[in-house]
Amino acid sequence: MSFSRRNFLIATGVAAAASSVLTACGGGSKSSNDKVPSIGKAKKSKVEVGTKADSTGPAPEVPGAVKGGTIYSLDQFDMDHLDPAQIYSSTEGAITVPILRGLTGYKLDDKGGATLVGDLATDAGTMKDGGKTWSFTLKDGLKWEDGAAVTMDDVRHTFERLFADFVTEGPRYVQNWLEGGKKYKGPFSGKHLDSIEISGKTVTFHLTEPRGDFNFTLAMRGYALVPKKHDTKEKYDKRPFSCGPYMIGERKIGKSLTYVRNPHWDPKTDSMRNAYPDKYVFQFGFQALAATDRFIADRGNDQYAMAIFNEVAAERIAQVLTNPKYKQRVLTAVDPVTYYWPINTTRVKDVKVRQAINYAWPLQQLQTIRGGKATSEIATTILSPVTPGYQKFDLYGKNTKPGGDPAKAKALLKEAGKLGQKLVIAYQQSDNAVKQAVAIKNALEAAGFTVVNKQVDKSTFYSQISKLDNGFDMFAAGWSPDWPAGYSVFYPCWDGSQIVDGGQNWAQLNNTSVNKAIAAASKETDPEKANKLWGDIDHQIMEQAACVPDYHSIRNWMHGSKVGNVIYDSANTCVALCKLYAKK
C-alpha cells in the first residue's frame, strides 16, 4: 500500500494466488508464468448491491479451513489511527475489518470480488426521495465486546461524533451531506442532529442532496460504529471497542497489535467475516527486504505470517516471481490506486513550473527501483485504467520519454524565469523511498531545480502532509475510489472546498473551472455521462499540472507456507484478513 492514503475497491482488481491471474471482472484466468498483469487491459466492473439474504449470516465457510492457531504479520509500521472516524488509509481499513463493523460492508467471494451488503444492518439500505433519504435497520443479536447490546443510541452517536473537534482526519462525505451538518458541533454538548432520525431499530438519514451511492459510502471503515458508553474521544484512537469477531488483546505502540476472539460476536449476525484463527499478532518494524527474506526462509512462526503493507521487496522480485516454489506463496493483485506526487499549488504557483516538474520526472527510474513492470505500470493520469471514467491521455510525453525530458523542463523553467527554483520534497522513512528520493532529486536538478529532500516518519506521514502549512512543495501520495465512481476521487482530493487541515486536497488546488466541473459531474445521474465528465476533469487537472502521476500498482504479497486461503480483499485493496486460516 506504500503511500496510499485511501485505497478502495471497485471489484476490478486483477487478483491471483499461485500461478493464475484473474481478469478484472472476475471471469476466466490465464497463466502468469511469462506475463505480468496488464492494468491497461483490465476491465472495469460494477460492485453489485446484495439482497437481504446476502446480508444474513453466517458467512459462507472457506473450503478446507480449520479453526485455531495464530496468524502473524511482518509489516513496517503501526497504525496512525484506529478510531474509525479518523481512518482513511487502506492499511488502517484492512487491519480493522476483524474488529470494526458498519451499517454496510462488502461480502467477498472466493476470488475477492465484492458485493455490497448490510453488515450491522439487515440489508444495504432503503432509498427514498431520489436518494435524499436513506434508512437502515439494525440486525438482532448484535453485541459489543463487553456483552452489551449495540443500540440505536450507538448508531446516532457514531455519526454525530464525526462533527467533534478532535476528528481531524477520515472521510467527510457524511458530514458534508447531512442536513444541518454545517452548523452542528457534535454530540458532546448534549445536542442531537435532527437529520439523523431514530425510530425503533431503524435509523434514517436526511441528506442535503440526492446520493444514490450513500449505502456505498457507509461501507467505508470511517463510518464503523462506536459505542456511546465507551467513547473516550481522543483516546479512542488507541483502543477502539469491538463488535466484530475479534477484539484488541494487547497493543504495544510501534511494535505489535494483538487480536483475540470476541466471545460476544455471533456469526449468525455477520455475512462478511469468518473467524478461523484464535489470534492475530501484527508485528511492526520490518522493512520490506527483511520481511521478504523471512518469508523466503519460511521458518517457525513465519510459516503462519502474511503482510498487510509489505509487498515483495524490489530487490527480491525477480528471485521470488521466477521461482515456482516461492511464487505459489505470492498473492498478485492489480489495484485501482494511482500513486502520484501532489504539487502544493499555494507554494508552486506558476503552471509552467509545475509542468516542468512533470516533464522532468524520472518515471522509468522509479519503476525500476520498485522492482520493474511486475510491480507497477507508469501513470500519466489521475484515474486508474480500471476506474470508471478513465480516459487515456499523456500530456507530458511520459510514454515517449519515461525517463524524463530535462531539456524540455529546463526550457519551461527558463521561460518562467524560475531556473534554480527550490523544491522541498517529503518522503517516508523506508529503504525504497530513500532510493526513489535520490533519483527524483537527480532528475529535477538536471532540469534546473534546486531540491531539498526531507524524511518524514512513516507512521505519521499522512497526518503531517494533511496539514495545510506543512512546509512541503511535494510529497508522495495515492488514491483510489472510496466506491466505484469518479466523485470519490475528485471531490475529496481536488475540490477547492476540501482545502482544510486533515483533508486530502493535498495540492491545495482551488481552481474555479475545476470546482465548477466537479459540481456539474456530481449532479449527473446518468453513469455514462458522469464517467465522461470525470474523465474530462482528470484532463483538466493535469493541464494545471497540480500533481505528477507516478504509477498504477500491481501488488505482490508473499506469505508463509501454513497460511491458508490468501485472497485479495478488493474492498480494502489488501489481503482479506477474515478469510485466512492457519493450516494444521
Side-chain angles (χ1 to χ4, degrees), residues 1-7 76-93 161-173 175-176 185-186 220-222 233-238 253-254 339-349 354 357 382 422-430 433 437 440 451-479 482 489-511 514-515 541 544 546-548 550:
M1 302 286 150
S2 84
F3 303 118
S4 180
R5 173 62 178 167
R6 166 62 190 160
N7 288 333
Q76 287 187 34
F77 52 83
D78 199 349
M79 302 300 106
D80 200 1
H81 297 293
L82 292 180
D83 182 337
Q86 304 273 54
I87 290 176
Y88 215 165
S89 77
S90 56
T91 47
E92 291 165 356
R161 75 189 292 273
L162 297 172
F163 296 88
D165 290 340
F166 64 83
V167 177
T168 56
E169 299 192 42
R172 298 174 184 270
Y173 300 112
Q175 299 93 307
N176 290 331
K185 301 299 181 182
M220 297 173 66
R221 199 70 54 224
K233 300 181 182 179
E234 292 90 342
K235 294 180 180 179
Y236 197 78
D237 217 8
K238 302 302 180 185
I253 303 296
Y339 288 100
Y340 58 87
W341 293 72
I343 303 173
N344 189 330
T345 59
T346 67
R347 290 168 59 97
V348 186
K349 297 181 179 180
R354 301 198 299 262
I357 295 171
I382 296 168
K422 180 181 176 181
L423 293 176
V424 180
I425 303 178
Y427 61 97
Q428 295 190 26
Q429 293 171 325
S430 72
I440 291 167
V451 177
V452 176
N453 283 335
K454 290 195 173 183
Q455 279 191 325
V456 177
D457 180 74
K458 54 182 169 289
S459 64
T460 61
F461 182 79
Y462 276 102
S463 296
Q464 294 191 53
I465 68 172
S466 294
K467 296 176 181 177
L468 293 182
D469 187 19
N470 56 43
F472 307 130
D473 296 304
M474 297 183 70
F475 37 79
W479 199 267
D482 293 326
V489 173
F490 292 107
Y491 179 76
C493 296
W494 301 103
D495 191 272
S497 67
Q498 301 305 296
I499 301 175
V500 294
D501 272 318
Q504 288 77 48
N505 186 340
W506 297 301
Q508 299 184 40
L509 180 69
N510 191 12
N511 181 278
V514 171
N515 293 343
I541 293 171
Q544 292 293 316
C547 72
V548 180
D550 196 347

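Start at 1 with the first residue, then count along the sequence. Just so you know, these numbers come straight off a predicted model, no measurement behind them.
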- prompt: Of the options Thr345, Asn511, Ile343, which is the one that meets Gln544 in a side chain to side chain contact (heavy atoms under 4.5 Å, CB included)?
  reply: Asn511

Using side-chain heavy atoms (C-beta onward) and a distance below 4.5 Å, is [X] in contact with [Y]?
X: Val451; Y: Ile440; answer: no
X: Arg172; Y: Val500; answer: yes
X: Met220; Y: Tyr173; answer: yes
X: Cys547; Y: Trp506; answer: no
X: Asp469; Y: Lys467; answer: no

- prompt: Just how far is it from atom CG of Asp473 to atom CZ of Arg354, taken to the nearest 0.5 Å?
  reply: 11.5 Å

task: To the nearest 0.5 Å, tell me how far Asn176 CG sits from Gln498 CD.
output: 5.0 Å

message: Checking Phe472 now: which residues fulfil ring-ring contact (aromatic ring centres under 6.0 Å, His included) with it, not counting sequence neighbours?
response: none

query: What pairs with Tyr491 under ring-ring contact (aromatic ring centres under 6.0 Å, His included), at least two apart in sequence or on another chain?
result: Tyr487

- prompt: Considering residues at least two apart in sequence or located in another chain, which fulfil the salt bridge (Lys or Arg N to Asp or Glu O under 4.0 Å) criterion with Asp495?
  reply: none

query: With Arg161, which residues qualify under salt bridge (Lys or Arg N to Asp or Glu O under 4.0 Å), at least two apart?
result: Asp83, Asp231

message: Using modelled atom types and a 3.5 Å cut-off, is there a donor and acceptor pairing between side-chain atoms of Arg347 and backbone atoms of Met474?
response: no

query: Counting only N and O atoms by type, is there a donor-acceptor contact under 3.5 Å from the side chain of Gln86 to the main-chain atoms of Thr168?
result: yes

side-chain contact (heavy atoms from CB on, under 4.5 Å) partners of [X], counting only residues at least two apart:
X: Cys493; result: Tyr340, Trp479, Gln504
X: Thr346; result: Asn344, Gln508
X: Gln455; result: Tyr427, Gln429, Val434
X: Lys185; result: none

Kindly write out the residues that satisfy side-chain hydrogen bond (donor to acceptor under 3.5 Å, both in side chains) with [X], not counting sequence neighbours, or none if the list is empty.
X: Asn515; result: Asn510
X: Asn470; result: none
X: Asp78; result: Arg251
X: Gln175; result: none

For [X] and [Y], work out which heavy atoms get closest and say how close.
X: Ala85; Y: Pro171; value: O-CD, 4.5 Å
X: Ala507; Y: Ala546; value: CB-O, 3.5 Å
X: Gly503; Y: Ser466; value: O-OG, 3.4 Å
X: Gly222; Y: Leu162; value: O-CD2, 4.0 Å

- request: Going by the side chain to side chain donor-acceptor pair (under 3.5 Å) test, name the single residue among Glu92, Lys238, Glu169 that passes it with His81.
  value: Glu169

